[in-house]
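Order of the sequence lines fixes the chain letters, A, B, ..., with proteins taken first and strands second; residue numbering starts at 1 for each chain. Scope of the values below: all heavy atoms of this structure, side chains included, with no hydrogens, waters or symmetry mates.
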There are 2 protein chains.
Amino acid sequence: MSTPGRGLHGHVLDTLGPAITAGDYPPGSVLRTDELAQHFEVSRSVMREAVRVLESMHLVESRRRVGVRVRPKAEWNVYDPQVIRWRLAGADRPHQLRSLTVLRSAVEPAAAALAAHHATPEQCAELTACALGMVANSRGHQLAGYLFHDVAFHRVILAASGNEMFARLGDVVAEVLTGRTHHDVMFEDPDPAAVTLHVQVAEAVRTGDANRAEQLTREITVGALHELDVLAP
Amino acid sequence: MSTPGRGLHGHVLDTLGPAITAGDYPPGSVLRTDELAQHFEVSRSVMREAVRVLESMHLVESRRRVGVRVRPKAEWNVYDPQVIRWRLAGADRPHQLRSLTVLRSAVEPAAAALAAHHATPEQCAELTACALGMVANSRGHQLAGYLFHDVAFHRVILAASGNEMFARLGDVVAEVLTGRTHHDVMFEDPDPAAVTLHVQVAEAVRTGDANRAEQLTREITVGALHELDVLAP
DNA sequence: GTGATGAATAAGTCTGACTTTTGATCGAGT
DNA sequence: ACTCGATCAAAAGTCAGACTTATTCATCAC
């Protein structure tokens with residue numbers, strides 16, 4: 001998606017990463033670099049580079065004389081966008097989607113409150129444009145257009161918060177919204193209440209009403225959580 | 001600290017990572033693999049592995065015929081614990097500490113609320129033990145002992161929330177608390193009010209009072225933010 | 001000025017040999 | 001039979017060198 005298999009080691013990762021995060025190799029199991037290199041038909045150099053990347057994500061741990069051991073799930077760098085993408089593509093997407101949505105419901109209201117104070121006029125304008133775009137695509141099964149503006153809206157909020165850590169969650173939110181739209185069924189048009197809330201958040205941020213922006217955003221996220229409860233086991 | 005130079009490429013990263021995150025190589029500047037390999041007196045294979053790791057952190061971008069280009073700060077994987085450690089060791093530690101503390105103040109109250117519902121008896125006991133440990137080390141300049149229990153306390157809260165994304169912020173919080181103690185001056189003993197709050201949070205979680213746990217934790221984090229305002233420019 | 005051609009460059013890949021660490025095995029001694 | 005220690009072997013780690021490929025830049029024809 002964002003970084004398509006650039007180089008041989010990237011192609012290896014595209015297969016090995018999802019396999020590990022999906023649990024095909026249970027924690028504690030060991031892989032041998034040479035075997036993997038043969039299996040993927042690449043040289044050991046390429047395989048080693050792929051292992052290094054997996055290691056930096058804390059997905060595996062390479063030890064001499066033993067091999068490449070898969071680390072327990074609890075140690076993975078689950079904030080790595082690449083890892084998030086792999087996991088969202090796997091079997092436990094529902095569970096993953098819920099974890100991320102809970103994170104959203106903690107972060108986004110706080111971000112909205114900060115945005116009300118720090119948003120530039122340009123960001124306010126962009127926010128309003130996004131909200132209008134959502135309204136325009138909220139009827140007639142235009143999910144693609146709606147999603148586009150929805151993602152942009154939340155990106156702007158997080159960026160406008162002025163907090164670097166919040167801003168960098170833009171990619172995560174984008175993955176969540178995209179995954180939700182593409183996989184968990186959204187037959188009908190988006191919830192009209194949610195659309196209205198986005199418009200109101202844009203207004204609250206523009207007028208600098210931090211409390212209102214925070215509360216409205218909270219309503220959006222609890223709505224998203226509730227929607228997840230309905231659509232997922 | 002956690003992963004000390006395991007292998008030659010690790011040693012290279014220990015130097016190159018901090019240098020990049022500190023801004024020694026401004027965004028857009030290009031490094032040549034061969035030159036770096038000579039500079040660090042390692043083979044190209046080792047250097048390439050190090051570059052792959054930096055690339056997976058989105059710190060750099062390797063392109064044919066041009067070299068290894070440093071990416072703009074806004075694209076870095078700032079949730080990677082390794083990156084956080086490098087940045088906290090660098091010049092903009094104050095700014096970094098503030099960003100992370102704002103993140104804490106968004107996440108930890110929510111985590112505490114969830115913990116009140118999901119914490120196991122063992123976790124409740126551990127929480128109480130940590131709070132008592134903080135009390136025991138809150139006087140007499142026993143900052144090391146206090147820090148130890150403080151870190152453990154917040155780790156348990158985040159883990160007990162039952163949310164994977166929250167739980168994985170334990171390392172981040174640990175880095176923040178450690179950095180705060182070791183660098184920003186804490187001449188005197190910890191704020192007695194904060195100590196009391198921790199004890200009360202442990203109690204609220206134990207009794208399953210989510211609202212109270214959330215509010216008390218919020219007080220802890222706003223206290224931390226305020227402390228930062230006082231001690232940092 | 002524009003577009004095609006070619007040369008230079010740095011990353012990418014592969015191979016093979018060698019080193020180092022470390023878990024496992026086996027044997028000596030009690 | 002059990003412990004301790006020496007030995008062995010397996011796998012990662014490292015290095016050097018040759019080759020491939022993509023991409024930029026400069027040159028040149030139109």
K.L.:
Rounded to the nearest 0.5 Å, how far apart are CG of L169(A) and CG of L103(B)?
P.N.:
7.0 Å
K.L.:
Between E41(B) (CD) and dT14(D) (P), how many Å, whole number?
P.N.:
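For the pair E41(B) CD and dT14(D) P, the rounded distance is 15 Å.
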K.L.:
Can you tell me how far the OG1 atom of T101(A) sits from the CZ atom of R104(A), to the nearest 0.5 Å?
P.N.:
6.0 Å
K.L.:
Are there more than 12 heavy atoms of other residues, nucleotides or ligands under 6.0 Å from atom CZ of F148(A)?
P.N.:
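Not more than 12 within 6.0 Å, no.
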K.L.:
Whole angstroms only, please: what is the CZ-P distance between F40(A) and dC14(C)?
P.N.:
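Roughly 14 Å, once rounded to whole Å.
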K.L.:
Tell me: CZ of R6(A) to P of dA10(C), nearest whole Å?
P.N.:
21 Å
K.L.:
Between R69(B) and E55(B), is the closest basic N to carboxylate O distance under 4.0 Å?
P.N.:
no
K.L.:
Can you check the Q38(A) CD to dT13(C) P distance for me, whole Å?
P.N.:
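Taking atom P of dT13(C) as the reference, CD of Q38(A) is at 18 Å.
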K.L.:
H11(A) has an atom NE2; how far is it from atom C1' of dT13(C), in whole Å?
P.N.:
16 Å
K.L.:
Taking V53(A)'s backbone N and O only, do any of them form a donor-acceptor pair with S56(A)'s side chain (distance below 3.5 Å, no angle check)?
P.N.:
yes
K.L.:
What integer distance in Å separates H9(A):NE2 from dG12(C):P?
P.N.:
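So the two atoms are 8 Å apart, to the nearest Å.
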K.L.:
Got a sec? Which of residues 42-55 of chain B come in under 4.0 Å of DNA chain C, heavy atoms?
P.N.:
R48(B), R52(B)
K.L.:
Answer yes if the side chains of H154(B) and H149(B) hold a donor-acceptor pair under 3.5 Å, and no otherwise.
P.N.:
no
K.L.:
Using every non-hydrogen atom in the two residues, find where L114(B) and S161(B) come nearest and quote the distance to one decimal.
P.N.:
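Heavy atoms only, the tightest pair is CB-O, 3.6 Å.
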K.L.:
In whole angstrom, give the distance that lies between atom CG of L8(B) and atom C1' of dA12(D).
P.N.:
13 Å
K.L.:
For a quick check, with a 4.0 angstrom heavy-atom cut-off, what is the B/S/- contact string for nucleotides 18-26 of chain C, read 5' to 3'?
P.N.:
--BSBBS--
K.L.:
Let me confirm one number: the CG-NE2 distance from L16(B) to H9(B), rounded to the nearest 0.5 Å.
P.N.:
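Reported value, rounded in 0.5 Å steps: 12.0 Å.
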